[in-house]
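Heads up, the thing below is written out as structure tokens.
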Amino acid sequence: MAAMDINLPDVHAEVAALFARYEQALVHNEVEVLDQLFWSSPHTVRYGVAENLVGIDAIRAFRAARSPQGLMRTLAHTVITTYGRDFATAMTEFRREGGTRLGRQSQTWVRLPGAPHGWCVVAAHVSLIDPPPQP
């Protein structure tokens, strides 16, 4: 089996830039950009804090109905890992302004022909937990 190239600098830079674009679109409620960054497929999955969305239509409907208020957040411990030239994961922790819970977000990115940005999210998961106890 051939060795896989992990975090090729040019590929990592592409995904990191798209991850940053996603974050900007998320906190500013740029729904059209968010829709473009997700795979336009019935196979796309986004599991959220209180919703299980299967298919791009369900994801788009959720975004269209979501309040644009309270979306600002601070990220921490972001890890983007690319595998070869066409697959990547992005994991981050976040805290909402004024919130007490710790958020966790994971995204699976794939380079697909016809994707508006070359890459798209094919699966995502968002969850909240109580912060770990302080030592």
Side-chain angles (χ1 to χ4, degrees):
M1 176 182 250
M4 173 159 300
D5 293 316
I6 305 296
N7 287 339
L8 291 167
D10 60 323
V11 178
H12 191 274
E14 286 178 38
V15 177
L18 286 169
F19 178 82
R21 181 65 184 112
Y22 177 90
E23 184 64 19
Q24 177 185 340
L26 180 71
V27 299
H28 295 312
N29 201 40
E30 298 172 13
V31 175
E32 183 176 315
V33 173
L34 294 170
D35 286 348
Q36 289 176 357
L37 290 171
F38 268 67
W39 185 28
S40 183
S41 169
H43 303 290
T44 307
V45 175
R46 181 191 176 277
Y47 291 153
V49 174
E51 65 282 338
N52 293 331
L53 308 171
V54 177
I56 194 63
D57 292 339
I59 295 167
R60 287 179 176 152
F62 168 78
R63 286 209 178 100
R66 182 178 60 187
S67 169
Q69 304 302 314
L71 297 176
M72 295 304 291
R73 64 191 196 163
T74 303
L75 302 185
H77 308 292
T78 301
V79 177
I80 296 171
T81 307
T82 64
Y83 306 87
R85 298 199 144 296
D86 301 317
F87 185 84
T89 58
M91 310 294 173
T92 196
E93 295 176 10
F94 65 89
R95 289 193 189 265
R96 295 262 182 226
E97 288 185 356
T100 59
R101 302 191 80 198
L102 177 64
R104 301 171 301 169
Q105 172 183 301
S106 64
Q107 298 171 331
T108 303
W109 291 80
V110 177
R111 186 190 311 265
L112 290 172
H117 300 278
W119 290 83
C120 53
V121 175
V122 298
H125 186 176
V126 180
S127 60
L128 294 172
I129 61 171
D130 291 325
Q134 297 298 320

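Both backbone and side-chain heavy atoms feed into the values below; hydrogens, waters and symmetry mates do not.
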Closest non-hydrogen atom pair, Ala16 against Ile80: CA-CD1, 3.7 Å
Can you tell me how far CZ of Arg96 sits from CG of Leu102, rounded to the nearest 0.5 angstrom? 12.0 Å
Let me confirm one number: the NE2-CG distance from His125 to Asn52, rounded to the nearest 0.5 Å. 8.0 Å
In one Ile/Leu/Val/Met/Phe/Trp/Tyr side-chain cluster, 4.5 Å: Val31, Ile56: no
Flag side-chain contact, heavy atom, 4.5 Å: Val122 against Leu112: yes
Is there side-chain contact between Thr89 and Trp109, with at least one heavy-atom pair below 4.5 Å? no
Under 4.0 Å between a Lys/Arg side-chain N and an Asp/Glu carboxylate O for Glu14 and Arg85? no
Residue pair Arg104 / Ser127, side-chain donor-acceptor N/O under 3.5 Å: yes
ring-ring contact (aromatic ring centres under 6.0 Å, His included) partners for Phe62, two or more places apart: none
Where at least one partner belongs to residues 13-35, residue pairs that pass ring pair (Phe, Tyr, Trp, His ring centres under 6.0 Å), sequence neighbours excluded: none
Exercise: identify the closest heavy-atom pair between Phe38 and Thr44: CD2-CG2, 3.7 Å
Do you see a donor-acceptor pair shorter than 3.5 Å between the side chains of Gln105 and Arg73? yes
Applying salt bridge (Lys or Arg N to Asp or Glu O under 4.0 Å) as the test, list every pair that has at least one member in residues 39-48; sequence neighbours left out. Arg46-Glu51
Between CZ of Arg66 and CZ of Arg63, what distance do you get to the nearest 0.5 Å? 6.5 Å
What about Leu26 and Trp119, same hydrophobic cluster or not, with Ile/Leu/Val/Met/Phe/Trp/Tyr joined at side-chain heavy-atom distances under 4.5 Å? yes
